[in-house]
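Report on the following structure.
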Protein chains: 2
Amino acid sequence: MANIYDVAKAAEVSPATVSRVLNGGSVSSERAARVRAAAEELGFRPNRVARGLRRQRSDVLALIISDIENPFFTALARGVEDVARASNLSVVLCNADDDPEKEAEYLDVALAEHMAGVVIFPASHAETDVTALLDRGVPVVAVDRSPESATIDTVTADDENGAYAVTRHLLDEGYRRVACITGPRASSAAMVRLRGFLRAHREGEAPRRRPRVAYADFRVRGGYQAMSELLDLAEPPDAVLATNNLMAAGALAALHDRGLRPPEVGVAAFGDTFWSQLVRPALTTVRQPAYEIGQAAAELLLKRRHTPDIEPQRLVLPTRLEIRGSSRRTAATEPTPTAGPAASADAVVGAEQPAGPGQPTGQATGQVRATGRGRLTRPRRPDAMT
Amino acid sequence: MANIYDVAKAAEVSPATVSRVLNGGSVSSERAARVRAAAEELGFRPNRVARGLRRQRSDVLALIISDIENPFFTALARGVEDVARASNLSVVLCNADDDPEKEAEYLDVALAEHMAGVVIFPASHAETDVTALLDRGVPVVAVDRSPESATIDTVTADDENGAYAVTRHLLDEGYRRVACITGPRASSAAMVRLRGFLRAHREGEAPRRRPRVAYADFRVRGGYQAMSELLDLAEPPDAVLATNNLMAAGALAALHDRGLRPPEVGVAAFGDTFWSQLVRPALTTVRQPAYEIGQAAAELLLKRRHTPDIEPQRLVLPTRLEIRGSSRRTAATEPTPTAGPAASADAVVGAEQPAGPGQPTGQATGQVRATGRGRLTRPRRPDAMT
DNA sequence: CTGTTAGCGCCTTCAT
DNA sequence: ATGAAGGCGCTAACAG
């Protein structure tokens with residue numbers, strides 16, 4: 001494979017001139033043309049490894065996530081990618097699989113490869129250690145939570161207010177015993193969301209009794225079991241908030257198995273996904289601005305890459321409440337339709353359309369991208385968040 | 001950051017000795033211990049960029065996929081990863097987004113970074129060009145289809161027989177006008193699946209009339225429109241096969257909007273996903289062995305890495321038919337249940353359980369991994385494929 | 001604007 | 001078993 005010396009020889013210039021042509025140094029247009037022609041002729045591709053060694057920095061950015069199967073991350077990845085590509089950086093995805101050890105390996109790779117930067121969704125608050133990267137000047141931005149090991153740029157969704165808003169919504173719909181299925185106590189996300197849930201209960205005009213909280217494992221099965229146990233109580237809840245989409249799926253299955261059907265029992269969930277609009281009735285969710293988080297993280301990275309010494313920032317992005325049939329009690333008290341099982345339960349607020357013709361496409365291929373591309377033709381409700 | 005010279009000095013040996021300790025050369029155990037201690041002390045991390053430059057090869061493997069949001073790829077990625085990690089290779093994911101240009105960029109990166117190998121799901125049969133990689137000795141394995149530009153190792157699912165089997169199943173269930181919603185004519189996957197569909201029709205005891213085929217775009221919206229048009233025909237189909245999961249979602253929505261409900265109209269789809277078991281009734285699918293494909297691809301890559309000159313291989317892996325409520329006409333002719341809209345439509349074949357407690361978890365976290373880990377406790381039906 | 005030169009960190013002969 | 005030395009391909013500093 002040709003290198004710059006070969007090109008230089010063919011173009012009858014020095015290697016430095018070839019390098020300048022490649023990297024935008026000042027070269028007479030005549031020589032530059034000769035270089036380009038020679039490079040083309042020889043099929044020359046600059047060797048990034050050598051360049052990286054010399055420059056002590058590559059132009060590849062690592063995005064380390066904990067679960068590639070989670071739609072949140074796919075949207076996040078697009079946000080990172082779109083911003084990075086605009087700055088001529090490539091993004092590689094590393095799937096740490098929620099395993100601190102695997103994550104450490106990828107952090108090692110990022111370090112040893114002198115990557116341009118790392119966007120990381122830390123597998124663990126305590127164990128994730130990014131100091132080695134920082135010591136070597138590799139910018140690191142954390143998403144969702146920040147590692148204990150260092151104070152760094154962080155981008156998070158405003159989960160607490162999201163949980164608060166959706167809980168308020170359930171209470172406002174007239175549900176009286178709203179329960180929460182949340183994740184393990186060790187998960188800060190689970191705790192933050194729970195906090196918002198509890199705050200909404202404390203604030204009501206009439207003080208309410210302490211709401212039921214079930215701790216599960218962020219998985220479908222856990223959601224199923226938690227919901228089942230809640231329904232077995234002497235005073236079962238009449239609505240439930242699941243703090244992630246998998247547990248919501250489990251909760252829906254549990255309800256279904258007992259012949260209960262939202263919004264008879266109200267259901268809402270954290271995390272808007274592909275199937276949120278696909279199930280009948282469609283599921284009320286708190287949408288996390290995954291794409292925007294990715295964008296913001298990449299932007300912070302680029303900023304810090306340019307000016308390493310600015311103060312670490314903490315960005316908190318608002319969530320959005322997507323109110324759908326699963327939590328609209330009003331729809332449930334209407335007469336049951338005859339045509340199809342859920343023909344009216346799909347009715348949703350305002351200008352939103354039923355899950356049929358158009359919207360699901362947006363969801364499937366990444367609704368969040370729509371924002372970036374201006375393809376979001378549906379009138380947007382104002383954010384339910386303050 | 002410390003380099004081997006620093007370590008060598010601290011350990012009072014030569015840099016070559018340090019290198020040998022790192023890479024398993026012969027070093028006296030006493031010196032080796034000194035080197036290790038010094039390396040530990042200095043927090044030394046070998047610089048992979050320099051190593052890559054010297055060795056002309058990295059130990060990172062690229063997986064270039066066309067759509068990170070497609071569950072097929074997430075499972076595929078796990079398969080690649082698990083095999084690669086066993087050989088101490090890291091895997092980075094590159095999301096080419098079905099864009100040949102983006103794909104070319106990532107191929108470029110893989111080339112310029114001297115990656116250990118590339119597993120690629122080619123965005124285009126015609127445009128994807130991997131010759132540059134091959135010329136430089138970077139092994140490339142194609143998944144699903146092989147690029148026109150070269151004959152290389154390829155791993156595919158047996159889509160034609162999968163389509164054949166599921167179509168047979170629909171016919172055997174007694175559906176008489178089975179239509180197919182397939183992808184664009186330019187997509188070889190769409191054409192191969194269609195071929196299986198048509199073959200099943202030709203083979204029946206009684207020759208059947210030529211079945212309806214709708215060409216759509218592999219997206220939800222396209223599936224919706226195609227289904228709508230099929231239903232508008234004078235003789236609408238009583239069953240439909242969608243050749244990917246997104247179009248299936250669209251088709252389901254279209255049926256729903258007309259008050260039709262599977263299995264009244266039979267529905268089956270290519271691609272088993274998270275929500276296949278979540279919808280009611282659960283969706284009959286042709287499961288593609290994504291994880292296994294990933295494994296096989298990585299294994300081919302490793303093999304070729306070691307022995308570059310073996311003949312290119314073509315592996316074809318069997319699909320599996322997952323029969324669920326959406327295509328079981330017998331269930332549909334039973335009296336409509338009173339408790340909940342879908343209480344009985346969930347009944348599924350054999351030992352398979354309803355979508356509640358356990359199975360969805362397996363799905364959500366990657367059913368295919370279960371196979372690898374031996375966690376698949378449910379009795380397996382024999383493969384419907386021959 | 002252009003060429004010469006040194007060296008990024010490592011591995012790998014080649015000697016010993 | 002060990003050390004010395006060259007060079008992978010590129011860029012940045014310095015001269016001209």
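Note: hydrogens, waters and symmetry copies are ignored here, and every other heavy atom, side chains too, is used.
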| remark: So the salt bridge (charged side-chain N to carboxylate O under 4.0 Å, His left out) pairs with at least one residue in residues 128-147 of chain B (sequence neighbours excluded) are none
| request: Measure from the side-chain N and O atoms of B/Asp99 to the backbone N and O of B/Glu101, and report whether any donor-acceptor pair falls under 3.5 Å. | output: yes
Could you run down the sub-3.5 Å N/O contacts of the protein with nucleotides 12-15 of chain C?
| unit_1 | atom_1 | unit_2 | atom_2 | d |
| --- | --- | --- | --- | --- |
| C/dT12 | O4' | B/Arg54 | NH2 | 3.2 |

| task | Quick one: pull up CD1 in B/Ile68 and CD1 in A/Ile68 and give me the separation to the nearest 0.5 Å. | result | 5.5 Å
| said: Run the side chain to side chain donor-acceptor pair (under 3.5 Å) test on A/Glu103 and A/Thr128 for me, step by step, so that the C-alpha distance in whole Å, both residues' side-chain angles and the decisive distance to 0.1 Å come before the verdict. | reply: CA-CA 8 Å; A/Glu103 180 184 76; A/Thr128 300; 2.6 Å; yes
| message | Tell me every residue that passes ring pair (Phe, Tyr, Trp, His ring centres under 6.0 Å) with A/Phe121, counting only those two or more places apart in sequence or in another chain. | response | A/Phe73
| field | Residues in side chain to side chain donor-acceptor pair (under 3.5 Å) contact with B/Ser146, at least two apart in sequence or another chain | value | B/Arg314
| Which atom of A/Ala142 lies closest to which atom of A/Ile152, heavy atoms considered | CB-CD1, 3.8 Å
| request: For the pair B/Arg78 and A/Asp67, find out whether any cationic side-chain nitrogen is under 4.0 Å from an anionic carboxylate oxygen. | output: yes
| message | Can you list, in residue-number order, the parts of residues 33-46 of chain B that come under 4.0 Å of DNA chain D, counting heavy atoms only? | response | none
| Residue pairs, two or more places apart or on separate chains, that pass salt bridge (charged side-chain N to carboxylate O under 4.0 Å, His left out) and touch residues 12-37 of chain A | A/Glu30-A/Arg34
| request: Go through the structure and list residues passing side-chain contact (heavy atoms from CB on, under 4.5 Å) with B/Ala132, not counting sequence neighbours. | output: B/Leu111
| query | Within the side chain of A/Ser124, is there an N or O that forms a donor-acceptor pair under 3.5 Å with the backbone of A/Ala126? | reply | yes
| For A/Arg48 and C/dC8, what is the distance between atoms CZ and C1' respectively, to the nearest whole Å? | 18 Å
| Just the dot-bracket of DNA chain C, please: which string comes out with Watson-Crick or G-U pairs under 3.5 Å, [ ] for crossing, | for another strand? | ||||||||||||||||
| query | How many angstroms lie between CD1 in A/Ile64 and NZ in A/Lys102, if you round to the nearest 0.5 Å? | reply | 12.0 Å
| field | Terminal contacting nucleotides, 5' and 3', DNA chain D versus chain A (heavy atom, 4.0 Å) | value | D/dG9 to D/dA13
| field | N/O donor-acceptor pair under 3.5 Å between A/Ser187 side chain and A/Ala189 backbone | value | yes
| remark: By nearest-heavy-atom nucleotide on DNA chain D, the more 5' of B/Ala50 and B/Ser29 is B/Ser29
| field | Side-chain N or O of A/Gln56 closer than 4.0 Å to phosphate OP1/OP2 of C/dG9 | value | yes
| Contact residues, residues 3-14 of chain B to DNA chain C [heavy atom, < 4.0 Å] | B/Asn3, B/Ile4, B/Tyr5
Enumerate donor-acceptor pairs with a distance under 3.5 Å from any side-chain N or O in residues 3-10 of chain A to protein atoms, sequence neighbours excluded.
| unit_1 | atom_1 | unit_2 | atom_2 | d |
| --- | --- | --- | --- | --- |
| A/Asn3 | OD1 | A/Tyr5 | N | 2.9 |
| A/Asn3 | OD1 | A/Asp6 | N | 3.0 |
| A/Asp6 | OD2 | A/Asn3 | N | 3.0 |

| said: Can you measure A/Leu53 atom CG to C/dC8 atom C1' for me and round it to whole angstrom units? | reply: 4 Å
| query | Quick one: is A/Thr17 getting a side-chain N or O under 4.0 Å of the C/dC1 phosphate, OP1 or OP2? | reply | no
| remark: CD1 of B/Ile310 to NZ of B/Lys303, rounded to nearest 0.5 Å, is 5.5 Å
| query | Can you list every pair that meets salt bridge (charged side-chain N to carboxylate O under 4.0 Å, His left out) and has a residue in residues 37-53 of chain A, with sequence neighbours left out? | reply | A/Arg45-B/Asp108, A/Arg48-A/Asp59
| task | Using whole Å, report how far CZ of A/Arg31 lies from P of C/dC1. | result | 12 Å
